[in-house]
Chemist: 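One structure is given below, represented as structure tokens, and several questions about it will come after.
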Amino acid sequence: MKKTNTLYCILLLLPFFLFWGSGFILCAQTDSIPADRPEQLSFTPVSGNRSLLTARDSEGNTWIRGRISSDVRGKSVVFQVPSARIYDYELYLYRAGQLLHMPRDHQSERFRGRFPQYHFVAQDSVFCLLMNHDLRGALQVEIRESDSFVSLESSRMLRIGWYYGLALMSVIFNIVFYLIFRDKRFIAYCLLLFTTFLSFFYEDGMFYYLTDGRWTMDYFTIWNICVTAIISLAFTYYFLDLERVLRPYIKGYLLASAILLSGALLQTLTDSLLVFHVVSASCFVFAFAALYLAIRRFRKDVYARFLVLSFSLVVLTGICYVLYAYVDPSKYASFDIGVLRLVSAIEIISISFAIIFKVKALQEENERYRNALNTYLRELELLNNQRPLRENGQAKEMPYLRTKQEIAEELKELYDLTEREIEVLRCIWEGLTNKEIADKLFITVSTTKYHVSNLYLKLDVKNRNQALVLRDTLWT
């Protein structure tokens, strides 16, 4: 099991090392105008946004053409494509029949942008975009008056800030609860919260915002959604207490996770949109697997019902958001990132409270088991003391060792202890150190520490002194 946990940790950390090593790309733009002018090209409507037209020139560049509303002509406006995936483009405007390249304003003096921005006075009704990469998602364009844009962006930042505050607070609380209860549910959900937080942070353009527009991360999305999918299944595993049921399938889970991360690496190396969509769709397989496990326990476990409802809402909203971001933003306008963020906030609050109540219930159940065991052992000890043995016609007191064996069997049954853990526990009760236990049982010191840690967790004790108190409570 220790080897499996080590592989699991390596699997979770691998994508972050790969991502930080290869995901940062410096934005660059040129002032040169391609040989083929836009008016010479044949344009067709953009998929998912028929108000924009697209064409390819002889050099393989993608041109986008759109119109500037008459409401903002002659006014100072802000132009941006509100997508973290579409950033490497150049804006051209017609002025007196001439196609002019507009300089990008990385950071406005009035308001820092979350996406690349252009500030200009709108005159002509037509604008053109020269895309320096393939479209990564559906294309949307915002052209607003400067004052209106500042007001709207302030409102957006306020809503974003509320969500980030909630998410970070939940991460901190789960870390604290893990340190208090030492329950893996908290740390698994903490990792899930963190990767989800990073997804929103990227989609909201906050990396661009914090780095003054100097750096972008092309492959962040594919890596992060893969890691999120992997952790979501691990969280379900711990949250629903599926260790006994799914322990034989751990190797399959690790293999599937490695294949998924290999797909992310392939997309990083090839920059293929097909690979991107295949890997993204594969991530939903992990989410549906988590839902399937919860549905199987729907009738038996109230927390499984809770998980089914919350995860179903998040998954369905996530699918709709993917359709909004990559297929047709006008058709799925009701499922923009703001709606997904709201659903995520509801899920964060709900799951956090569910974990707290579940761990509290388990601790209360363990306490009942311990009290029942203590009562039973006292009765057993009293019975043994009252039942003499006969030897050479004389009464003889029941050996202490027999009671010790019976107690060990009871502990093994109630706390799911292994034979090796029983042996280690007896050594602890004899006052042996880890080194002495290792020598006595012919195992390594690290293996001894692993068994001791498992014993503390299962018996709900913090150290050797409490383990000795437990011994005194049971046998005196």
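Quick caveat: nothing in here was measured; it's all calculated off a predicted structure.
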Chemist: Quick one: side chains of residues 274-293, donor-acceptor pairs under 3.5 Å with protein atoms, not counting sequence neighbours, listed by atom name and distance.
Modeler:
unit_1: S280; atom_1: OG; unit_2: F276; atom_2: O; d: 2.8
unit_1: S282; atom_1: OG; unit_2: V278; atom_2: O; d: 2.8

Chemist: Using every non-hydrogen atom in the two residues, find where D204 and R114 come nearest and quote the distance to one decimal.
Modeler: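 Shortest heavy-atom separation between D204 and R114 comes out as O-NH1, 2.6 Å.
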
Chemist: Considering only heavy atoms from C-beta outward, does the side chain of V141 approach that of I64 to under 4.5 Å?
Modeler: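 Answer no - side chains too far apart.
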
Chemist: How close do N224 and T195 get, counting heavy atoms only, and between which atoms?
Modeler: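 Where N224 meets T195 most closely, the heavy atoms are ND2-O, 2.7 Å.
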
Chemist: Got a list of side-chain donor-acceptor pairs under 3.5 Å for residues 167-177, not counting sequence neighbours?
Modeler:
unit_1: S170; atom_1: OG; unit_2: L166; atom_2: O; d: 2.9
unit_1: N174; atom_1: ND2; unit_2: S170; atom_2: O; d: 2.7

Chemist: Taking only residues two or more places apart in sequence, or in another chain, which ones meet S151 in a side-chain contact (heavy atoms from CB on, under 4.5 Å)?
Modeler: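 Once residues adjacent in sequence are excluded, S151 has no partner under the side-chain contact (heavy atoms from CB on, under 4.5 Å) criterion.
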
Chemist: Between Y324 and Y332, what is the shortest heavy-atom contact and its length?
Modeler: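 Residues Y324 and Y332, closest heavy atoms: CD1-O, 3.2 Å.
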
Chemist: Say you draw a straight line from OH of Y238 to CG of L233; how long is it, rounded to the nearest 0.5 Å?
Modeler: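 Those atoms lie 11.0 Å apart.
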
Chemist: So how far is it from S155 OG to I160 CD1, rounded to the nearest 0.5 Å?
Modeler: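 If I round to the nearest 0.5 Å, the distance is 9.5 Å.
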
Chemist: For the aromatic rings, using the six-membered ring if either is Trp, is the centroid distance between Y253 and Y249 under 6.0 Å?
Modeler: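 Not close enough - the centres of the two rings lie 6.0 Å or further apart.
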
Chemist: Determine whether R297 and L242 make a side-chain contact, defined as any pair of heavy atoms from C-beta on separated by less than 4.5 Å.
Modeler: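 Yes, side chains in contact.
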
Chemist: What's the verdict on side-chain contact (heavy atoms from CB on, under 4.5 Å) for V77 and V121, showing C-alpha distance, side-chain angles and the deciding distance?
Modeler: CA-CA 6 Å; V77 299; V121 176; over 6 Å; no

Chemist: For S232 and F311, work out which heavy atoms get closest and say how close.
Modeler: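 S232 and F311 have their closest heavy atoms at O-CE2, 4.3 Å.
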
Chemist: Quick one, I68 and D124 - any side-chain contact, counting heavy atoms below 4.5 Å?
Modeler: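 SC-SC contact between I68 and D124 ruled out.
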
Chemist: Would you check if L130 and N61 make a side-chain contact, meaning some heavy-atom pair closer than 4.5 Å?
Modeler: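 Of all side-chain heavy-atom pairs linking N61 with L130, at least one is under 4.5 Å.
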
Chemist: Apply side-chain contact (heavy atoms from CB on, under 4.5 Å) to the pair M217 and W223, showing each step before the final yes or no.
Modeler: CA-CA 11 Å; M217 294 179 281; W223 283 105; over 6 Å; no

Chemist: Within the structure provided, determine whether L129 and T62 are in side-chain contact (heavy-atom separation under 4.5 Å).
Modeler: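 No, their side chains stay 4.5 Å or more apart.
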
Chemist: Are I348 and S352 packed together at the side-chain level, in the sense that at least one heavy-atom pair is separated by less than 4.5 angstrom?
Modeler: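 I348 vs S352: side chains touch.
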
Chemist: I'd like to know whether CZ of R296 has more than 12 heavy-atom contacts from other residues, nucleotides or ligands below 6.0 angstrom.
Modeler: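 Not more than 12 within 6.0 Å, no.
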
Chemist: With salt bridge (Lys or Arg N to Asp or Glu O under 4.0 Å) as the test, would you mind laying out the steps for E142 and R156 before giving the verdict?
Modeler: CA-CA 14 Å; E142 280 191 358; R156 288 171 175 169; 2.7 Å; yes

Chemist: Walk me through it: do F120 and L93 pass the test side-chain contact (heavy atoms from CB on, under 4.5 Å)?
Modeler: CA-CA 10 Å; F120 57 89; L93 297 176; 3.5 Å; yes

Chemist: By ring-ring contact (aromatic ring centres under 6.0 Å, His included), which residues pair with Y202, not counting sequence neighbours?
Modeler: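 For Y202 the ring-ring contact (aromatic ring centres under 6.0 Å, His included) partners, ignoring immediate neighbours, are F220.
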
Chemist: Any chance you could measure I231, atom CD1, to T196, atom OG1, to the nearest 0.5 Å?
Modeler: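 Atom-to-atom, I231:CD1 and T196:OG1 are 8.5 Å apart.
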
Chemist: Should the pair F79 and Y118 be assigned to parallel (<30°), tilted (30 to 60°) or perpendicular (>60°) ring geometry?
Modeler: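 Ring orientation, 0 to 90° scale: perpendicular.
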
Chemist: Locate the shortest heavy-atom distance separating L91 from F127; write the atom from each residue and the value.
Modeler: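 Between these two residues, the closest heavy atoms are CD1-CB, 4.1 Å.
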
Chemist: Is there a side-chain contact between I230 and L261 (heavy atoms, below 4.5 Å)?
Modeler: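 Result yes, sub-4.5 Å side-chain heavy-atom pair found.
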
Chemist: Before we go on, tell me: are the rings of Y92 and W63 under 6.0 Å apart, centre to centre?
Modeler: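 Yes.
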
Chemist: How long is the span from the OG1 atom in T228 to the CG atom in L191, to the nearest 0.5 Å?
Modeler: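 Between T228 OG1 and L191 CG, I get 10.0 Å after rounding to 0.5 Å.
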
Chemist: Could you measure the distance from the OG1 atom of T418 to the NE2 atom of H451? Nearest 0.5 Å is fine.
Modeler: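 So the OG1 of T418 and the NE2 of H451 are separated by 6.0 Å.
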
Chemist: Taking all non-hydrogen atoms of both residues, which atom of P116 and which atom of Q80 are closest, and how far apart?
Modeler: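 Shortest heavy-atom separation between P116 and Q80 comes out as O-CB, 3.3 Å.
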
Chemist: Is the shortest side-chain heavy-atom distance between I355 and F239 below 4.5 Å?
Modeler: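 I355 reaches F239 side chain to side chain.
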
Chemist: Do D147 side-chain atoms and V150 backbone N/O form a donor-acceptor pair below 3.5 Å?
Modeler: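 It does not hold such a pair.
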
Chemist: Does S76 offer a backbone N or O that forms a donor-acceptor pair with the side chain of S146 under 3.5 Å?
Modeler: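 It does hold such a pair.
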
Chemist: Between R185 and D241 (side chain of the first, backbone of the second, donor and acceptor by atom type, cut-off under 3.5 Å), is there such a pair?
Modeler: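 Such a contact is absent between R185 side chain and D241 backbone.
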
Chemist: Could you check L313 against E347 for side-chain contact (heavy atoms from CB on, under 4.5 Å), going step by step and ending with a plain yes or no?
Modeler: CA-CA 9 Å; L313 183 61; E347 183 263 346; over 6 Å; no

Chemist: One pair to check against salt bridge (Lys or Arg N to Asp or Glu O under 4.0 Å): R85 and E203. What are the steps and the verdict?
Modeler: CA-CA 8 Å; R85 299 175 300 277; E203 292 291 331; 2.6 Å; yes

Chemist: If you take the centroid of each ring, where Trp contributes its six-membered ring, are F201 and Y164 closer together than 6.0 Å?
Modeler: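 They qualify: ring centres under 6.0 Å apart.
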
Chemist: Test of understanding: with ring-ring contact (aromatic ring centres under 6.0 Å, His included), list the residues that count as partners of Y163, not counting sequence neighbours.
Modeler: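 Once residues adjacent in sequence are excluded, the partners of Y163 under the ring-ring contact (aromatic ring centres under 6.0 Å, His included) criterion are F200.
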
Chemist: Nearest 0.5 angstrom please: C128 SG to L53 CG, how far?
Modeler: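 The CG atom of L53 is 9.5 Å from SG of C128, to the nearest 0.5 Å.
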
Chemist: On the six-membered ring of Y89, is R104 placed so that its NZ or CZ lies under 6.0 angstrom from the centre and within 45° of the ring axis?
Modeler: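 The answer is yes; both the distance and angle limits are met.
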
Chemist: Test of understanding: with side-chain contact (heavy atoms from CB on, under 4.5 Å), list the residues that count as partners of K449, not counting sequence neighbours.
Modeler: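 Only N434, V445 meet the side-chain contact (heavy atoms from CB on, under 4.5 Å) criterion with K449.
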
